[in-house]
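Notes follow once the structure below has been shown.
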Amino acid sequence: MSTDTPALSLARTLATAGRVLRQLRHDPRTIALLLIVPVLMITLLRYVFDGDPETFDTIGASLLGIFPLITMFLVTSIATLRERTSGTLERLLALPLGKGDLIAGYALAFGAVAVAQSLLATAMSLWVLGLDAIGSPWLLLLVALLDALLGTALGLFVSAFAASEFQAVQFMPAVIFPQLLLCGLFTPRDQMHPVLETISDVLPMSYAVDGMNQVLTHPDITGDFYRDILVVAGSALLVLCLGAATLSRRTT
């Protein structure tokens, strides 16, 4: 059995990312899920609140951060698990390819898709659906992109603990739903039960939603916004490192 390659290699990482992107190119259903579904959901939400644009401004900004996280989580976890169960992952790791190269390559590939997804959803919200944000549109895009990268990292991580695609989807109630309920989308976090508020303070989606709301209500970058993006980015990096540590060389 070959040992792990000790250091990251840019060439191996780029080769892995290129392979993943080529596979995605031949999977139109996944592309639709990643690029079109978030736009459709934002559009649907806009017309659900057709008579109350202010509510759409509040909830729409939050969902710009939540939708990319959820879709990237689903697609990444299933795609990675598919490679493990098909034996592709085991064959790749038998080559001079380190776990870090593999995780970084996946993150880079899905990160590129996340850029396209965030651009489409943000542009649709601001310039077609009329989302009213006081802050810079580029800051909304930044938060949406970081959220998508966090979803990618979470998907890579949980795929190590699933034995089938169905099990990968089952992680969604455990990983995503609690964050969705406690992130402040439905009620301000400071109005929750103190125990739930404390739990929400350690969940990255809470900072994703808060970051979007900072851009919605402040014309300039605030200290809270810096905190929010650092927490989301740091969480994504931490989970990627955990994903590399838990990546199994053998197919179970």
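Position 1 is the first residue of the sequence; numbering continues from there. The structure displayed is predicted, hence computed values, not measured ones. Both backbone and side-chain heavy atoms feed into the values below; hydrogens, waters and symmetry mates do not.
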Residues that Phe157 engages under ring pair (Phe, Tyr, Trp, His ring centres under 6.0 Å), provided they are two or more places apart:
Phe161

Are Leu63 and Val48 co-members of a hydrophobic cluster defined by side-chain heavy atoms under 4.5 Å apart?
yes

Does any non-hydrogen side-chain atom of Leu129 lie less than 4.5 Å from one of Phe56?
yes

Side chain to side chain contact (heavy atoms under 4.5 Å, CB included) partners of Ile36, counting only residues at least two apart:
Ala32, Leu40

Please answer whether the main-chain N or O of Ser200 pairs with a side-chain N or O of Ser206 as donor and acceptor at a distance below 3.5 Å.
yes

Looking at every non-hydrogen atom in both residues, tell me the closest pair between Gly111 and Leu145 and how far apart they are.
O-CD1, 4.2 Å

List the residues meeting side chain to side chain contact (heavy atoms under 4.5 Å, CB included) with Pro137, not counting sequence neighbours, and say none if there are none.
Leu126, Trp127

Using the side-chain hydrogen bond (donor to acceptor under 3.5 Å, both in side chains) rule, collect all pairs that involve residues 32-52, keeping only residues at least two apart or in two chains.
Arg46-Asp50, Asp52-Thr55

When rounded to the nearest 0.5 angstrom, what is the spacing between CG in Leu74 and CG in Leu154?
11.5 Å

Residues in salt bridge (Lys or Arg N to Asp or Glu O under 4.0 Å) contact with Asp224, at least two apart in sequence or another chain
Arg227

Shortest non-hydrogen contact from Gly60 to Ile42?
O-CD1, 4.1 Å

Give, for atom CZ of Phe186 and atom CE of Met192, the distance between the pair rounded to the nearest 0.5 Å.
9.5 Å

So, using side chain to side chain donor-acceptor pair (under 3.5 Å) as the criterion, who are the partners of Asp27 when residues are at least two apart?
Thr30

Side chain to side chain, Leu131 and Leu64, heavy atoms closer than 4.5 Å
yes

Which pairs, with at least one residue in residues 107-120 and sequence neighbours excluded, count as a side-chain hydrogen bond (donor to acceptor under 3.5 Å, both in side chains)?
Thr71-Gln117

First locate atom OG1 of Thr217, then atom CG of Asp57, and finally report the distance between them rounded to the nearest 0.5 Å.
11.5 Å

Spacing of CD1 belonging to Ile221 relative to CD belonging to Gln214, to within rounding of 0.5 Å:
11.0 Å

Results of side chain to side chain contact (heavy atoms under 4.5 Å, CB included) for Leu14 - residues two or more places apart only
Leu10, Leu108

Could you tell me the separation between the CG atom of Asp210 and the CG atom of Asp228, rounded to the nearest 0.5 Å?
4.0 Å

May I ask whether Tyr207 and Phe177 are part of the same hydrophobic cluster, defined by side-chain heavy atoms of I, L, V, M, F, W, Y residues being less than 4.5 angstrom apart, directly or through others?
yes

Distance-minimising heavy-atom pair for Ala144 and Pro68
O-CB, 3.9 Å

If I compare all heavy atoms of Ala153 with all of Val239, which pair ends up nearest, and what's the gap?
O-CG1, 3.2 Å

Does anything in residues 133-154 form a side-chain hydrogen bond (donor to acceptor under 3.5 Å, both in side chains)? List the pairs, not counting sequence neighbours.
none

To the nearest 0.5 Å, what is the distance between OG (Ser125) and CG (Asp132)?
12.5 Å

Just to verify, what does Asp201 make a salt bridge (Lys or Arg N to Asp or Glu O under 4.0 Å) with, not counting sequence neighbours?
Arg189

If every non-hydrogen atom of Ala168 is compared with every non-hydrogen atom of Leu81, which pair is closest and at what distance?
CB-CD2, 4.0 Å

With clusters defined by side-chain heavy atoms of hydrophobic residues (ILVMFWY) lying less than 4.5 Å apart, directly or transitively, does Tyr226 cluster with Met205?
yes

Measuring only between side-chain heavy atoms, which start at C-beta, is Val232 closer than 4.5 Å to Val143?
no

Met212 reachable from Leu216 in the ILVMFWY side-chain graph, under 4.5 Å edges:
no

Please name all residues satisfying side chain to side chain donor-acceptor pair (under 3.5 Å) with Thr187, sequence neighbours left out, ordered by chain then number.
none

Gln167 meets the side chain to side chain contact (heavy atoms under 4.5 Å, CB included) criterion, sequence neighbours left out, with Ala162, Ala163, Ser164, Gln170

Shortest non-hydrogen contact between Ile199 and Leu203, atoms and distance:
O-CG, 3.4 Å

One pair to check against side chain to side chain contact (heavy atoms under 4.5 Å, CB included): Met72 and Leu149. What are the steps and the verdict?
CA-CA 8 Å; Met72 296 305 294; Leu149 292 176; over 6 Å; no

Would you confirm whether Thr76, through its side chain, and Phe73, through its main-chain N or O, come within 3.5 Å as a donor-acceptor pair?
no

Going by heavy atoms in the side chains, are Ile70 and Met172 under 4.5 Å from each other?
yes

Do Val128 and Val39 belong together in a cluster built from hydrophobic side chains that touch within less than 4.5 Å?
yes

